[in-house]
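Counting starts at 1 for both ligands and their atoms, in listed order. What's counted below: heavy atoms across the whole structure, side chains too, no hydrogens, waters or symmetry copies.
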Amino acid sequence: MPVKKLDHKSGRTLICGVLNITPDSFSDGGRYLSPEAAAERALELEAQGADLIDIGAESSRPGSAGVSAAEELARLLGPLRAIVKKLRVPVSIDTCKPEVAAACLAEGADLINDITSFTDENMIRVTAAAGAGAIVMHMQGRPRDMQAAPAYAGGVVPEIHAFLAERAAALKRAGVNDIILDPGIGFGKTLQDNLDLMAGLARFKDLGLPLLVGVSRKSFIGALFPSEPAARLPGTIAACTVCVMNGADIVRVHDVREAAQAMAVADALKKAGAAK
Ligand code: HH2
């Protein structure tokens, strides 16, 4: 099956819709655990305007312990098989395990989204061998302990810029050509780190690769305005809009319909501003 590519030339902000097939994701855990519910949700996200569907089966919320590869695959493969031929848009698999990535790529997944930034050589190898794309995210520490004491002696933006530049070079050397960079909002970052990264996104544009940000429903929104994760859509839209004005190309969101409308407005305003 040929790998589906993201259409980066559309000039629009692309929408990556989140599908978590987990019992414990921080904002939507347990909702799409059955293969039928998961497959239906993926098709619904596409119909709502998603340009990419990101499917995960292991929660990475702060403090989470992780699941086995067998458990991850048991959650992923049924829904993936059910949707992969029906979807027009590409599918990314949110995993850090090479064996999970390889099995999903063999079933027709198009990209690997690795929150551990392809530091496992096997992850690079299986992604390159499939001709698949890569979403490379920065994380300091691991979900179990990443929020204990995040610290960036060299400044959060320069440190993560250097890190992503190095990871992109390693992936390119191994033959992975479609690379998307992600500063990893909420992954081993203080509130101020998250704000500095979103405000400083333009700094990453010189890397010449598409930028994705995952701000949807995250705890920095709750820190700024106390609210449950499912009630953080307004904060999500505000953050996505500012990120897009600062250079984000793709937003990873749970609420695709709402984000698609907001990003259409943000894109039009950005274009009008650029023409002045
Ligand atoms: N955020 C989450 C998971 N995967 N991948 C990328 N590239 N960027 C992100 O910001 C990102 C990600 C966390 O959100 P969610 O998937 O909704 O929650 P959980 O990890 O609890 O399943």
Problem set entry | Nearest-contact summary for atom 17 (O) of ligand 1 - protein heavy atom, Å | His254 NE2, 2.6 Å

For this session: Just need the protein heavy atom nearest to atom 1 (N) of ligand 1, so name the residue and atom and give the distance.
Result: Lys218 NZ, 3.0 Å

Seminar exercise, completed: Checking heavy-atom distances from atom 7 (N) of ligand 1 to each of Leu212, Asp182, Ile55, the winner is Asp182

For this session: Please work out which of Ser60, Ser216, Pro229, Gly186 has its closest non-hydrogen atom nearest to atom 20 (O) of ligand 1.
Result: Ser60

Problem set entry | Ionic contact status for Arg217 with Asp28, cut-off 4.0 Å | no

Exercise. Just checking, any donor-acceptor pair under 3.5 angstrom between side chains of Ser92 and Asn113?
Worked result: no

Exercise. Tell me, which protein residue and heavy-atom name are nearest atom 22 (O) of ligand 1, and how many Å apart are they?
Worked result: Ser25 OG, 2.4 Å

Problem set entry | Nearest-contact summary for atom 4 (N) of ligand 1 - protein heavy atom, Å | Asp94 OD2, 2.8 Å

Exercise. Counting both backbone and side chain atoms, is some N or O of Asp54 under 3.5 Å from an N or O of ligand 1?
Worked result: no

Seminar exercise, completed: Note: ligand 1 atoms sitting under 4.0 Å from heavy atoms of Ile135 are 7 (N)

Exercise. Do we see a donor-acceptor contact under 3.5 Å between the side chains of Asp178 and His8?
Worked result: no

Exercise. Do Asp255 and Arg232 meet the salt-bridge criterion of a basic N to acidic O distance under 4.0 Å?
Worked result: no

Problem set entry | Charged N-O contact under 4.0 Å between Asp114 and Arg167 | no

Exercise. Measuring from the heavy atoms of Arg217, does anything fall under 4.0 Å of ligand 1?
Worked result: no

For this session: Please identify which atoms of ligand 1 are closer than 4.0 Å to at least one heavy atom of Gly214.
Result: 10 (O)

Problem set entry | Arg61 contact mode with ligand 1 (heavy-atom cut-off under 4.0 Å) | both

For this session: Please check if the side chain of Lys189 supplies one atom and the backbone of Phe187 the other of a donor-acceptor pair under 3.5 Å.
Result: yes

Exercise. What part of Ile115, side chain, backbone, both or neither, has a heavy atom within less than 4.0 angstrom of ligand 1?
Worked result: side chain

For this session: Would you mind checking which non-hydrogen protein atom is closest to atom 21 (O) of ligand 1, with the distance to 0.1 Å?
Result: Ser59 OG, 2.7 Å

Exercise. Is a donor on one side and an acceptor on the other found under 3.5 Å between the side chain of Asp51 and the backbone of Leu6?
Worked result: no

Seminar exercise, completed: re atom 16 (O) of ligand 1, the protein heavy-atom contact at minimum distance is Arg252 NH2, 2.9 Å

For this session: For atom 5 (N) of ligand 1, state which one of Asn113, Asp114, Val251 supplies the nearest heavy atom.
Result: Asn113

Problem set entry | Pair Lys86 + Glu46, salt bridge at N-O below 4.0 Å | no

Exercise. Ignoring hydrogens and geometry, is there a side-chain-to-backbone donor-acceptor pair from Glu72 to Ala57 under 3.5 Å?
Worked result: no

Problem set entry | Atoms in ligand 1 with a heavy atom of Asn20 nearer than 4.0 Å | 15 (P), 16 (O), 17 (O), 18 (O), 22 (O)

Problem set entry | Any donor-acceptor N/O pair, Ser27 side chain to Pro229 backbone, under 3.5 Å | no

